[in-house]
Every structure is written in structure tokens, then in C-alpha cells.
Amino acid sequence: MRQYLEGSHAVAEIVRLCKAQVISAYPITPQTHIVESLAQMVADGELNAEFINVESEHSAASVVQGASATGVRTYTATTSQGLLYMIEVLYSIAGLRLPVVLTCANRAVSSPINIWNDHQDSVTVRDAGWLQFYAENNQEACDLHLMAYRLAEDHNIMLPVMVCMDGYILTHAYEAVDLPEQSQVDKFLPEFNPIHCLNPDDPISMGVLMGPESYTETRYAIHQTMMDALNVIPGISDEFERVFGRKVNCLIEKYRLEDATQVFVAMGSMVGTIKEMVDGLREDGQKVGLLKVIAHRPFPKKIVYEALKNAREIAVLEKAISLGEEGPLLSDVKSAFCGYGNQPKISGFVLGLGGRDITKKSIFEVYCALAGSQIDVKFIDLKI
Amino acid sequence: MKEIRIHARAGQGAITTAALLGTAAFIGGKYALAFPHFGAERMGAPMNAFVRLSDQVIRLRSQVYEPDYLIVLDPSLMRGFDVFEGFRPGGIAIINHHEKVQCPKPIQNIKVFTVPGNDIATEVLGRPIGNTTILGAFAAATGEFGLEPLQQAILERFSGEVAKKNAEAARRGYECITKGF
């Protein structure tokens with residue numbers, strides 16, 4: 001049913017419909033209304049889950065790790081410093097192959113202190129072994145959470161999933177979302193059926209010491225699974241469409257790319273603003289298009305290459321930078337072209353850091369810079 | 001598409017006002033995107049909330065710089081600050097009246113409605129929180145949605161007596177425009 005909700009509340013409703021059994025969170029800044037809503041639902045008896053307030057994000061991640069290891073469905077949410085504080089446990093969760101789902105309400109990182117949106121937090125943990133998806137709007141954020149649980153718990157995957165949604169821009173925005181019925185969710189997402197779990201009646205050890213003779217294989221296995229996920233995702237997306245009656249893109253979305261020679265590439269909520277710009281430029285007869293990257297990890301390299309191979313000028317726009325190098329998404333897009341002849345010009349643009357507003361004018365500035373020579377890093381809307 | 005900028009101070013319910021406005025438009029069959037812009041998180045600091053209304057899906061996520069409609073919840077913000085910045089020609093402004101604050105001279109080609117939101121709220125709710133009254137006036141002045149969807153949005157948001165009284169405050173605000181003060 002279509003409802004008019006705040007993004008955070010909408011995601012909380014989805015987590016309720018997914019019947020998360022253990023939810024743990026650090027309830028103080030940086031945090032969102034998502035866990036506040038979930039705590040309320042648990043207190044009101046609308047969600048049969050254990051909600052565990054903890055003293056830090058490190059503990060929140062540890063609680064969902066432990067709970068997931070016992071074979072229950074888990075959830076946590078955080079952002080910014082909170083996500084950074086979770087890092088060592090995030091790696092551990094992936095190494096243990098636990099299907100934890102986490103929402104990252106993307107925000108900048110300190111110093112200086114800044115509570116506003118960008119992607120520096122989640123991009124920092126892109127190598128931790130979590131599947132990572134970025135939402136353009138609140139409907140997509142909801143749908144990606146449904147996909148997240150389904151993919152995480154798929155026996156061919158068994159990896160944690162992080163759904164990234166832009167802090168404030170999406171988490172605090174009210175817009176209409178179509179929330180599914182419980183029966184639909186139950187059909188799409190069967191009960192969690194762990195392959196191994198901690199059980200006192202049948203004890204096993206998890207997270208044991210693995211020396212040089214076997215550690216490499218654990219990383220090989222996660223990497224292989226990530227690559228396999230690229231093939232698993234389309235089938236599950238089709239199933240999503242059959243059950244919920246609408247499409248969900250989980251890897252990429254192509255927007256007016258057919259004959260486009262100049263293409264924007266971006267993730268997250270700025271994609272909406274870029275779509276407006278693309279339409280405007282198309283009206284002026286410019287052959288521009290947009291590639292929305294949803295899956296940052298696994299990175300759908302071949303699909304990205306196929307989508308972009310006819311472009312002459314590519315602009316990668318991102319709310320993050322690998323300081324001392326270039327934007328991380330730019331490196332990924334460039335690597336997709338590596339080894340192929342006839343490379344397009346691929347330029348990188350950094351914008352929207354620490355909540356700086358991304359306007360149509362910002363996108364136009366990117367568009368104007370495209371005609372020049374290839375640029376590795378250009379800061380847009382820079383005040384110097 | 002119509003764009004709305006709400007001026008208030010943190011703690012005065014600008015986000016609730018934006019959300020109610022969006023909900024009323026949604027109930028009335030429009031697409032609506034309502035979102036706040038936080039400054040430093042402290043009570044009393046000037047802040048904005050924004051709403052976009054359209055007959056089509058709204059994709060634009062930037063803040064509102066050239067509003068079609070303005071809502072000023074706290075008139076003291078008009079002291080030394082130009083709330084009309086970027087205001088589009090033909091625009092409509094709803095300003096919560098305060099006797100000690102002079103309304104700036106409106107630029108040509110815009111309509112300014114000064115509504116005694118806090119006075120009406122004090123009378124109806126017992127507290128000087130004029131947001132729902134101002135929204136009633138907004139509905140009447142702009143015609144973006146009727147009084148009924150607004151009251152429905154209020155009844156969904158609040159409960160019990162508070163809901164009923166705020167729905168009444170909205171009606172009073174609406175009638176400020178349709179019938180005069």
C-alpha cells in the first residue's frame with residue numbers, strides 16, 4: 001500500500017516485515033530514526049524481536065554477529081563515526097559468513113565534526129566483504145532491504161549486506177513509498193535457514209585460528225561468492241518483481257543511455273538530480289545519459305563496461321575521495337575499461353561532501369568540464 | 001512543480017509542518033517530497049524545511065532556492081534576514097503574524113498573507129503553536145490542496161484532543177483567507 005512516510009520510518013517498516021529477531025544499536029548520535037522506530041515497534045509488541053541497546057557501535061556489531069551466529073535474523077543501523085567504529089567487527093562478520101543486514105545512513109566523517117551527508121563512511125568499508133548497495137530514493141531503499149535479507153541468507157551467498165541511503169536527504173525525507181503486504185514478504189523471504197549455527201546441543205566452533213595454510217582460501221571463498229552474487233542477483237530480482245509487482249534493480253540502472261555519447265556515472269540520491277539534468281540536456285539536443293551504480297560491491301564490472309562502451313566522455317560523480325589518489329568509483333569505472341581498446345575519456349568529480357548541496361547547477365558544472373581534457377579529480381562547487 | 005520553503009527556528013516544528021504539508025498533498029493525489037535542512041543542532045537556531053509538489057514523480061533532491069511559496073513560522077527571522085530571497089514572481093507567502101515585527105515590503109508581483117497563527121493557536125489549542133493554522137491558510141491561499149486532506153493529515157499525525165484541536169486550528173487558518181480575519 002502506498003504510504004507517505006519518512007525514509008527512516010519506511011525502512012523500519014520493512015525491517016519489521018522482514019521479521020528481524022535481534023536488533024542491536026547504539027542509540028545516540030550518529031544514529032537515525034530507523035532504530036528509534038524499531039525500538040518503538042518492539043516495545044508496542046508489533047515486532048517480536050529482542051532490541052538490545054548497547055554502549056557503542058562496536059558492541060552493536062558484536063551483538064548482531066553473535067546473534068546471527070546462533071541462527072536468527074539480525075539487523076543494525078549506523079552511520080559516519082559509528083560505522084568506522086564497527087570496522088573490525090564488520091570484517092569478522094563477513095569472515096564468519098553471517099547474513100547480517102545493516103543500514104548505513106550515509107554521513108561524512110570527522111574531523112572536522114560534520115553530521116551531514118556524503119559517502120566517505122561506507123566507501124571506507126567497501127573492502128570488508130559486505131555486499132554494498134546504494135539507494136536513489138526511499139522506495140529503492142525499502143526494496144533493497146528486502147533484497148538484502150534474501151541475498152544475505154541465500155545458501156549460495158551467506159554474506160552480510162549493507163544498504164546505503166543518503167543521510168538526511170533520504171533518511172529524513174518524506175515521500176510516498178509502496179510498502180508490501182506481510183504475505184508478500186513471507187513469500188519472497190522464507191524463514192532464515194542457517195547452514196551452521198551455534199547450538200549448545202550440537203556444539204561447534206566459529207572464528208577459529210586459521211594459519212597461512214588456510215587463511216587465503218577464506219578470502220578466495222568470499223571473493224568467489226561476491227563474483228557469483230553478480231549472477232545470482234538478476235534471478236532474485238526477477239523473483240522480486242513476480243512477488244511485489246515492480247522491478248528492483250540491484251546492480252545498475254541505465255537512464256537514456258541508448259545513443260548517449262556523454263554519460264554521467266553516480267550512486268545514491270544525487271542520481272535523481274542528475275536525471276533531471278539529463279532530461280534538460282536531452283531537450284537541448286545533447287546526447288547525454290546516466291549510469292546509476294547500485295552495487296558498489298560486488299562491482300558489476302562487465303555490465304558497467306557494456307553499458308558505457310559506446311560513450312566518448314564519461315563523468316564519474318562521487319561523494320567520496322581516496323585522499324591522495326582519486327574517487328574510488330572513478331578507479332572502478334576506469335578498471336572496467338582496462339584491456340579494451342578505444343577507451344573513452346573518463347573524468348572524476350567530487351561533490352556533495354559534508355552535506356554541501358548538489359544542485360542542477362553543480363551537475364551542469366560537471367557537464368561543462370567534460371568537453372576539456374581528462375581530469376582525475378575536480379572538486380565541484382569549490383569555494384576557493 | 002511547485003517549490004516551498006519554510007522558515008522557522010529549530011524546535012518550532014518546521015519538519016512537522018513540512019511533513020503535514022506533504023501528507024495533505026499526497027492525500028490530495030499529488031506527489032510530494034518534504035525534507036528538512038538542519039543547521040547546527042540547537043534549539044532556536046534558524047532552519048529551513050522544504051517541500052516540492054508535483055503531478056509527476058519528484059526526482060530533484062537539491063534544496064529549494066527559488067520558492068513558489070514561502071511559509072514563515074517565526075516572523076522574528078525577518079529581522080535583518082531576507083526571507084524573500086529567490087522568491088519567484090507570482091509567488092505566495094504565508095507569514096505568521098507578530099505585532100512587534102514589521103513585515104518587509106513585498107516585492108512586486110507576489111502575494112503576502114499575514115495570518116495571526118499563534119493568536120488563533122493560543123485560542124484553540126491553548127498554546128501559541130501556529131503551524132497548523134498557517135497550513136490552513138496555505139491551503140486556502142494556494143489551492144494546492146483542500147482543507148479536508150489537510151485535516152485528514154493532521155488527524156493521522158496526532159491523536160485524541162490534540163488532533164481535533166489542530167484540525168480546528170487549520171480550519172480557522174483556512175477561513176482567515178477565505179472569509180478574512
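Quick caveat, the model's predicted, so the values are computed rather than measured. Chain naming here is simple, since letters A, B, ... match the order of the sequence lines and numbering starts at 1 in each.
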More than 12 foreign heavy atoms under 6.0 Å from CZ of A:Arg282: is that the case here? yes
Under 4.5 Å from any heavy atom of chain B - which part of A:Ile358: backbone
Got a second to check how far A:Tyr168's OH is from B:His37's NE2, nearest 0.5 Å? 10.5 Å
Against chain A, residues from residues 58-66 of chain B with at least one heavy atom under 4.5 Å, in numeric order, are B:Arg59, B:Leu60, B:Arg61, B:Ser62, B:Gln63, B:Tyr65
So which of A:Asn138, A:Asp279, A:Ile274 has the biggest tally of heavy-atom pairs under 4.5 Å with chain B? A:Asp279
Please output the residues of residues 16-23 of chain B in contact with chain A, using a heavy-atom cutoff of under 4.5 Å, in numerical order. B:Ala19, B:Gly22, B:Thr23
Could you go through the side chain to side chain contact (heavy atoms under 4.5 Å, CB included) check for B:Glu156 and A:Tyr4 one step at a time? CA-CA 11 Å; B:Glu156 280 174 17; A:Tyr4 195 73; over 6 Å; no
So does B:Gln56 have more than 12 non-hydrogen atoms from other groups sitting under 6.0 Å from CD? no
Tell me whether B:Glu148 at atom CD has more than 12 heavy atoms from other residues, nucleotides or ligands lying less than 6.0 Å away. no
Which bit of A:Glu6 comes within less than 4.5 Å of chain B, counting heavy atoms only: side chain, backbone, both or neither? neither
Can you list everything that forms a salt bridge (charged side-chain N to carboxylate O under 4.0 Å, His left out) with B:Arg172? Sequence neighbours excluded, please. B:Glu123
Report, in residue-number order, which members of residues 170-180 of chain A are under 4.5 Å from chain B by heavy-atom distance. A:Leu170, A:His172, A:Ala173, A:Tyr174, A:Glu175, A:Ala176
